[in-house]
Amino acid sequence: MKLEAVELIRLNVPLKSAFRTSFSSVNLHQVVWAHAITDVGEGWAECGANERPDYSSEYHTGAMAVLREFILPDLFGLGADLTAEAVAPTLHWMKGHRMAKHAIETALLDAQLRHSGTSFASYLGSTKTEVPSGVSVGIMDSIPELLGFVADYLSQGYVRIKLKIEPGWDYEAVKAVRDEFGWDIPLQVDANTAYTRHDFDLLKRLDEFNLLLIEQPLNEEDILGHKKLADYIETPVCLDESIVSADGAADAIELGAVEIINIKPSRVGGYLESKKIHDVAVAHSIPVWCGGMLETGIGRAANLALAAMPGFTLPGDTSASSRYFETDLTTPFVLENGHIKVPTAPGIGVDPIPEIIDRFAVSRELIKR
Ligand code: SMG
Ligand code: MG
């Protein structure tokens, strides 16, 4: 296939309610999409970066700059030899910028698979037709407010609750949820790097709540710290921010620093690398689950296909569109008995709705070969 142009679209999509993590509070979700225009058709993808470099070092304006200045010229240069599989080897020279690489690789994979009539799920070797859905619950101003949100999500049918935590919003929040909803609900926590090696005793107190896992308690570079913590606490240690490649995942597993992996395609540079991480994890009997970056339907569709692979044995943050959005930008994904159907149409399996894009788009830039 030959890449003719790429459109970078910025959208501002309001959230139903603020989503607060240990590093930010977001009301208006700022999104960047890559729309690839090729000689065999078009493809769509959502960039996983945030507006600011707060979750990782990447951010929207930076991702758009690296696409414009380095990534797209290289891919235009491949001419008719371009395939989605050629993106990572072509960009191998370029350090980092995995979220920018993920966006273009995914848009090209979408175009390629739409052309061949293959769904993301069958391309990835996914085996499930629907996936169990978990929900990520932000940090709140009060315990009663938290319990209200959790009650609502449980009544909608979500099969697993993840609580965002930070120092000062951890033990009491988890205890309140256990006291109110009991020991049967699958429950886990995510710190987004908010703790240090001085907090091990505090984190050990969470052992009493029989959590599925604790996600990314320490700094993303502190692999040894996670190993020490995994030895110190009973709760399984899950890594998110720390795992950016299959090689890194293999190392963390061998070191005993990770017991469960959150796979987010954007964080690791795309679905092809995600599949490799899945395979490494399965080979070592490490469970994986699919994370999220508050994706609109464009990003959510592809994540659902990934979450349907056999090694994804824990519910992901693959919630329904209505978790975050009053109006999604594709046909919305809905929760049925705690599950979401995996798209079966070619490519990512959903299309952006032009009138809704017009409503939320704040800029569109067309970069031609
Ligand atoms: O897509 O439901 C979602 C978001 C899930 O908690 C979620 N993501 O570290 O796992 C994570 C966070 C990152 C959010 S960045 C604003
Ligand atoms: Mg996380």
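In listed order, ligands and their atoms are each counted from 1.
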Geometric class of the [Y]/[X] ring pair [parallel <30°, tilted 30-60°, perpendicular >60°]:
| X | Y | value |
| --- | --- | --- |
| Tyr153 | Tyr158 | perpendicular |
| Phe19 | Tyr324 | perpendicular |
| Tyr171 | Phe209 | tilted |

Open item on the list: Exactly one of Glu220, Arg98, Lys264, Glu273 should register a side chain to side chain contact (heavy atoms under 4.5 Å, CB included) with Val244. Which one does?
Closed with: Arg98

Task: Arg267, Lys162, Arg300: member with heavy atom nearest to atom 10 (O) of ligand 1 - done: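 Closest candidate by heavy-atom distance is Lys162.
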
- [ ] From atom 13 (C) of ligand 1, work out which of Glu241, His29, Lys264, Glu51 has a heavy atom at the shortest distance.
- [x]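 Comparing heavy atoms across Glu241, His29, Lys264, Glu51, the nearest one to atom 13 (C) of ligand 1 lies in Lys264.
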
To which protein heavy atom is [atom] closest, and what is the distance rounded to 0.1 Å?
| atom | result |
| --- | --- |
| atom 12 (C) of ligand 1 | Lys164 NZ, 3.0 Å |
| atom 5 (C) of ligand 1 | Asp317 OD2, 3.4 Å |
| atom 8 (N) of ligand 1 | Gly292 O, 3.1 Å |
| atom 9 (O) of ligand 1 | Asn192 ND2, 2.6 Å |
| atom 4 (C) of ligand 1 | Tyr324 OH, 3.3 Å |
| atom 6 (O) of ligand 1 | Ser136 OG, 2.7 Å |

TODO: Please indicate whether Lys228 has more than 12 foreign heavy atoms, meaning atoms of other residues, nucleotides or ligands, lying under 6.0 Å from its NZ.
DONE: no

Open item on the list: Can you confirm whether Arg197 is buried at CZ, in the sense that more than 12 heavy atoms of other residues, nucleotides or ligands lie under 6.0 Å from that atom?
Closed with: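 Count over threshold, so yes.
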
Task: Metal-centred angle, OD2 of Asp240 through the Mg ion (ligand 2) to OE2 of Glu215, rounded to 10 degrees - done: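 Vertex the Mg ion (ligand 2), arms to OD2 of Asp240 and OE2 of Glu215: 90°.
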
Open item on the list: For the residue pair Asp351 / Trp44, report whether a side-chain donor-acceptor contact shorter than 3.5 Å exists.
Closed with: no

- [ ] Report yes if some N/O of Thr21 lies less than 3.5 Å from some N/O of ligand 1; otherwise report no.
- [x] no

TODO: Before signing off on this row, confirm whether Asp240 and ligand 1 have an N or O atom pair separated by under 3.5 Å.
DONE: yes

Task: Min heavy-atom dist Leu294 to ligand 1 below 4.0 Å - done: yes

- [ ] Decide whether the shortest distance between a heavy atom of Arg323 and an atom of ligand 1 is less than 4.0 Å.
- [x]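 It does not; every heavy atom stays at 4.0 Å or beyond.
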
Under 4.0 Å from a heavy atom of [X]: which atoms of ligand 1 are those, numbered in the order shown and with their elements?
| X | answer |
| --- | --- |
| Phe23 | 15 (S) |
| Asn50 | 15 (S), 16 (C) |
| Glu215 | 10 (O) |
| Tyr55 | 9 (O) |
| Phe19 | 6 (O) |
| Asp190 | 9 (O), 10 (O), 11 (C) |

Open item on the list: From the N, O or S atoms in Asp190, identify the one nearest to the Mg ion (ligand 2).
Closed with: OD2

Task: Closest heavy-atom pair and its distance - Ala257, Ile223 - done: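 Of all heavy-atom pairs spanning Ala257 and Ile223, the closest is CB-O, 3.4 Å.
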
Open item on the list: On a heavy-atom basis, which atom in Leu147 and which in Ala176 lie closest, and how many Å separate them?
Closed with: CD2-O, 3.7 Å

TODO: Please state which part of Val26 comes within less than 4.0 Å of ligand 1, counting heavy atoms only: side chain, backbone, both or neither.
DONE: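 Looking at Val26 and ligand 1, no heavy atom falls under 4.0 Å.
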
- [ ] Apply the test salt bridge (charged side-chain N to carboxylate O under 4.0 Å, His left out) to residues Glu166 and Arg20: give CA-CA distance (whole Å), side-chain angles for both, the deciding distance (0.1 Å), then the verdict.
- [x] CA-CA 11 Å; Glu166 66 182 2; Arg20 181 170 151 205; 3.1 Å; yes

TODO: Kindly confirm or rule out a cation-pi arrangement of Lys204 over Tyr232, judged by NZ or CZ under 6.0 Å from the six-membered ring centre and within 45° of its axis?
DONE: yes

- [ ] Is it possible for you to check whether Arg364 lies under 6.0 Å from the centre of the six-membered ring of Trp33, through NZ or CZ, and within 45° of that ring's axis?
- [x] no

TODO: Rounded to the nearest 0.5 Å, what's the gap from NZ on Lys162 to CH2 on Trp289? Could you check?
DONE: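 If we round to the nearest 0.5 Å, Lys162:NZ and Trp289:CH2 are 3.5 Å apart.
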
